[in-house]
Structures are given as structure tokens and as C-alpha cells.
Amino acid sequence: MGRPDGHKLDVLFEPVALGELRLPNRIVMAPMTRHRAATGSLAPHRLNAEYYSQRATAGLIVSEASQISQQGQGYIGTPGIYSEAQIEGWRLVTDAVHAAGGRIVCQLWHVGRMSHVSLQPGGHAPVAPSAIRANAQIYLDSGFADTSVPRALVLAEIPLIVASYKQAAANARRAGFDGVELHGANGYLLDQFMRDGSNRRTDEYGGSVSNRIRFTLEVVEAAVGVWGNGRVGIRIAPTSVEGDMHDSDPQSLFGTLLGSLSSRGLAYVHVVEGTGEVGRDGSGFDFTGMRTLFSGSLIRNNGYSPDLAAAAVGAGGCDAVSFGRPFIANPDLVRRFREGAELNSTDKATVYGGDARGYTDYLPIV
Ligand code: 8OZ
């Protein structure tokens with residue numbers, strides 16, 4: 001077959017290196033929470049291995065966000081990367097992806113204030129840079145619920161959380177991943193420290209931009225200590241309002257962060273453009289200009305069509321583009337883009353939680 005205008009997309013099917021990660025194409029599977037880890041252990045299992053291996057033709061798979069500790073959990077059914085059972089479960093996933101010829105990095109996640117006492121160790125309050133509740137909802141057995149009021153981390157606890165990230169990074173290595181992506185986006189703990197709407201600290205982790213990015217940079221160092229800089233990426237969402245987030249000057253904040261990350265030579269920065277849901281308009285931040293603020297590889301995300309993605313890569317605006325929703329219903333998305341094939345549509349009712357239905361039963365074209 002082949003699409004009549006196929007050559008326009010050719011650039012998406014060229015290989016690229018993001019640090020030490022070698023991708024056969026520029027089409028990345030974005031991290032997507034699917035709430036299907038095993039009940040109780042929160043370990044991945046065979047069904048999850050099947051799901052990821054079906055999508056192994058992606059240039060790179062970024063795993064769904066995986067909490068680094070029980071304290072880092074904010075929703076039911078999300079996988080962890082802190083227990084032996086979870087490491088073994090992820091090993092099933094990475095083995096299956098590799099056997100299918102793919103590459104997968106583990107997205108390391110701590111939700112901070114985006115949680116609920118019922119999920120926290122001992123029923124305690126979730127932790128955050130400051131005791132400011134997010135006017136947002138999380139998902140529990142009982143359905144959607146308001147987030148709980150968090151308590152502010154005391155200074156002495158911060159190195160312990162950095163150490164949890166380091167342990168999780170080491171666990172991801174033992175589980176056979178190809179690297180890690182730090183979840184610095186969408187209103188979770190790293191983002192909560194960075195943006196001044198959620199960080200009112202008066203110690204060295206709050207106030208100035210350099211203080212607010214300190215925690216993120218320490219977590220970057222911890223992950224790099226395990227993996228080396230060429231296998232660590234970070235995801236940011238400078239203007240997202242998800243999780244009740246805001247900042248008085250995202251350009252200065254994320255510009256400074258990107259400068260610091262440039263000197264550390266990370267594998268990549270993965271940016272969610274726009275304010276959250278779909279669309280890439282974000283006022284207060286120059287997404288195009290990120291290319292000059294960050295010297296390493298850049299993955300762009302949020303509602304790109306194949307044409308827009310090819311235009312962005314072709315113009316040198318990024319190295320790869322990630323796709324989330326289209327990968328849910330199209331395990332062979334790379335082939336469909338290449339051949340200009342129709343895309344399956346997604347059944348919204350089976351996106352979050354449940355069984356194989358709406359998860360592993362979307363079929364590739366034959
Ligand atoms: C959807 C539902 C729960 C969590 C994110 C990790 O937005 C998530 C998430 C998405 O980054």
C-alpha cells in the first residue's frame with residue numbers, strides 16, 4: 001500500500017539516538033496510567049507484559065508512571081517499583097518487550113500531595129513541599145475523591161525521598177529496563193517543588209528558582225548515579241494546570257531548569273506542551289524556544305498528528321514525538337502511520353482499570 005503522501009512522514013521512521021538509547025524510529029509511546037497492576041502487590045503481571053510487548057515497534061516505550069514507594073502512590077491499581085514482587089513483575093514486562101525487539105524505560109513517580117490518606121502508610125497525610133491541598137481529584141476503589149490535605153516535608157526527610165528515587169532507579173535496572181524517565185510533570189512531587197503555586201518553603205528548597213529546582217536536580221543526580229546520564233530522561237509540563245498547578249513565571253523557572261539539565265547531559269527531556277488535556281497552547285512559555293534552552297535530545301508531546309510530528313522533527317524542532325492515546329487502540333501505530341492506515345478508535349470506558357478488554361484486545365492490521 002503506502003500512503004500517497006508518505007514521503008512527508010519519512011523523517012519519523014529514521015533512527016535516532018537519545019543519549020545511549022538507540023531508537024529505530026522517532027515515534028515514542030508516551031507514559032499512560034492504566035490502573036491494571038495486581039491487586040495487593042501492585043506488581044505488573046502477564047497481562048501487562050502482553051500489552052507492552054504488543055506495542056514494541058514504538059521507537060521507545062515509556063512505562064506508565066510507577067510509584068517509588070507506597071508514600072508515592074495516589075491512585076488505585078498503579079504499579080510500584082519498590083518491592084521484590086514488583087521488580088519481578090516488571091521483569092516479565094521488559095523481557096517481553098525485548099523479545100519483541102523493543103526498548104522500554106521506567107517512569108519513576110512520586111505523587112506528593114496528589115494522594116489520599118487511605119492510600120498512605122499508616123493512614124497518614126500525603127507529603128508535599130508545603131501544606132497546600134490540590135483542588136483536584138484522585139481515583140480510589142470507591143471512585144473519584146478529593147485529595148487529602150498534605151503535610152509539608154521537614155528538611156531532614158528530603159534526602160530520604162531522594163534515596164527512595166535512587167533505590168527505585170536501581171530496582172528498574174534489576175528489572176531489566178533500558179533506562180528511567182523521571183516524572184517531573186502534571187502536578188506530582190517534582191513539579192510541586194518546582195512551581196511556586198505549590199511550594200511556599202522558606203528553606204533551601206523554596207523561594208528562588210534555583211532553590212525550587214534543587215530537589216529535581218538532586219533526584220536527577222541520584223538516577224544518574226545508578227544509570228549514567230545517557231539513560232536518564234525527565235518529563236516536564238511547564239504550563240500544565242493538571243493537579244491545580246500554577247507558577248508565576250514558568251519561562252524563568254523551566255528556562256533555568258533546562259540550562260541546568262543541559263550541563264548534565266541527560267538522555268532526553270520529554271515535554272508535555274499546553275495546559276493539560278489536548279492541544280498545545282500554553283501561555284507564559286515558549287515551547288519552540290526550548291530547542292535552544294536545552295542542548296540534549298527533545299521529545300515533544302500532546303495531541304500531535306503524524307503530519308505535525310513529522311514537521312516538528314523535520315524542521316529540527318525535536319528529535320522524537322510521543323503519542324499516548326493513539327497507542328491505546330493501535331498497538332501497531334508505527335506501521336499504521338507508515339502505511340497511512342486507518343486508526344482504531346478508543347473505548348473510553350476501558351481506559352482506566354479492568355481486564356484484557358480495551359487493553360490487549362485491540363488488534364494490529366494483518
Ligand atoms: C491519568 C490518571 C492518573 C494518573 C499523569 C500519571 O497525568 C498520570 C495520570 C494520568 O501524569
Side-chain angles (χ1 to χ4, degrees), residues 28-37 42 44 48 51-52 61-81 104-116 118-119 126 128 134-148 165 168 172 180-195 198 216 219 233-246 269-280 282 299-303 322-328 346-354 358-359:
V28 172
M29 178 172 159
M32 282 182 288
T33 292
R34 304 297 307 272
H35 303 285
R36 280 169 170 90
L42 298 176
N48 309 119
Y51 162 77
Y52 282 110
I61 296 173
V62 183
S63 81
E64 67 205 278
S66 306
Q67 59 267 7
I68 61 163
S69 60
Q70 189 191 342
Q71 185 192 65
Q73 187 185 350
Y75 307 77
I76 53 151
T78 56
I81 182 73
I104 182 168
V105 295
C106 185
Q107 200 195 43
L108 302 183
W109 193 29
H110 189 308
V111 299
R113 68 179 186 171
M114 286 294 293
S115 187
H116 191 266
S118 67
L119 291 172
N135 182 15
Q137 296 207 307
I138 39 79
Y139 197 71
L140 305 173
D141 276 323
S142 46
F144 285 100
D146 287 344
T147 59
S148 300
Y165 271 102
V180 289
E181 175 176 294
L182 304 172
H183 194 342
N186 301 346
Y188 299 109
L189 189 63
L190 298 181
D191 207 14
Q192 289 162 31
F193 266 91
M194 290 195 281
R195 294 206 250 175
S198 45
T216 296
V219 171
I234 184 169
R235 194 171 208 224
I236 57 173
T239 54
S240 171
V241 297
E242 301 280 319
D244 193 17
M245 293 299 288
H246 49 96
V269 166
H270 187 176
V271 60
V272 185
E273 300 175 355
T275 54
E277 271 296 296
V278 190
R280 290 177 307 283
I299 307 174
R300 295 190 185 271
N301 170 260
N302 208 1
S322 73
F323 296 84
R325 276 162 267 229
F327 262 113
I328 293 180
T346 310
D347 170 29
K348 290 207 167 65
T350 50
V351 169
Y352 297 121
Y359 190 55

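Remember, predicted model here, so these are calculated numbers, not experimental data. Each ligand, and each atom within it, is numbered from 1 in the order the structure gives.
Numbered from 1 in the order shown, with element, the atoms of ligand 1 that lie under 4.0 Å from a heavy atom of Asn186 read 5 (C), 7 (O), 11 (O). Close approach to Trp109 involves these atoms of ligand 1, each under 4.0 Å from a residue heavy atom: 6 (C). Of all the atoms in ligand 1, the ones that sit under 4.0 Å from a non-hydrogen atom of His183 are 5 (C), 6 (C), 11 (O).
For the 3.5 Å distance criterion, the side chains of Gln137 and Asp146 qualify, holding a donor opposite an acceptor. Thr78 and Glu64 share no donor-acceptor pair across their side chains, judged by distance under 3.5 Å alone.
Among all protein heavy atoms, the one lying closest to atom 6 (C) of ligand 1 is Thr33 OG1, 3.3 Å. Protein heavy atom at the shortest distance from atom 8 (C) of ligand 1 is Tyr188 OH, 3.5 Å.
Contact annotation for Tyr352 and ligand 1: only side-chain heavy atoms (C-beta onward) come within less than 4.0 Å of the ligand. Residue-level proximity to ligand 1 for Met32 is absent, since no heavy atom of it falls below 4.0 angstrom.
The aromatic rings of Tyr75 and Trp109 lie parallel to each other, with less than 30° between the two planes, well short of the 60° mark.
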Report task. Report the C-alpha distance between Leu108 and Glu181 in whole Å, list the side-chain angles of each, state the deciding distance to 0.1 Å, and finish with yes or no for side-chain contact (heavy atoms from CB on, under 4.5 Å). Result -> CA-CA 6 Å; Leu108 302 183; Glu181 175 176 294; over 6 Å; no
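In this structure, Arg36 is positioned above the aromatic face of Tyr359, its NZ or CZ under 6.0 Å from the six-membered ring centre and within 45° of the axis.
For the atom pair Leu189 CG and Leu182 CG, the distance stands at 11.5 Å (nearest 0.5 Å).
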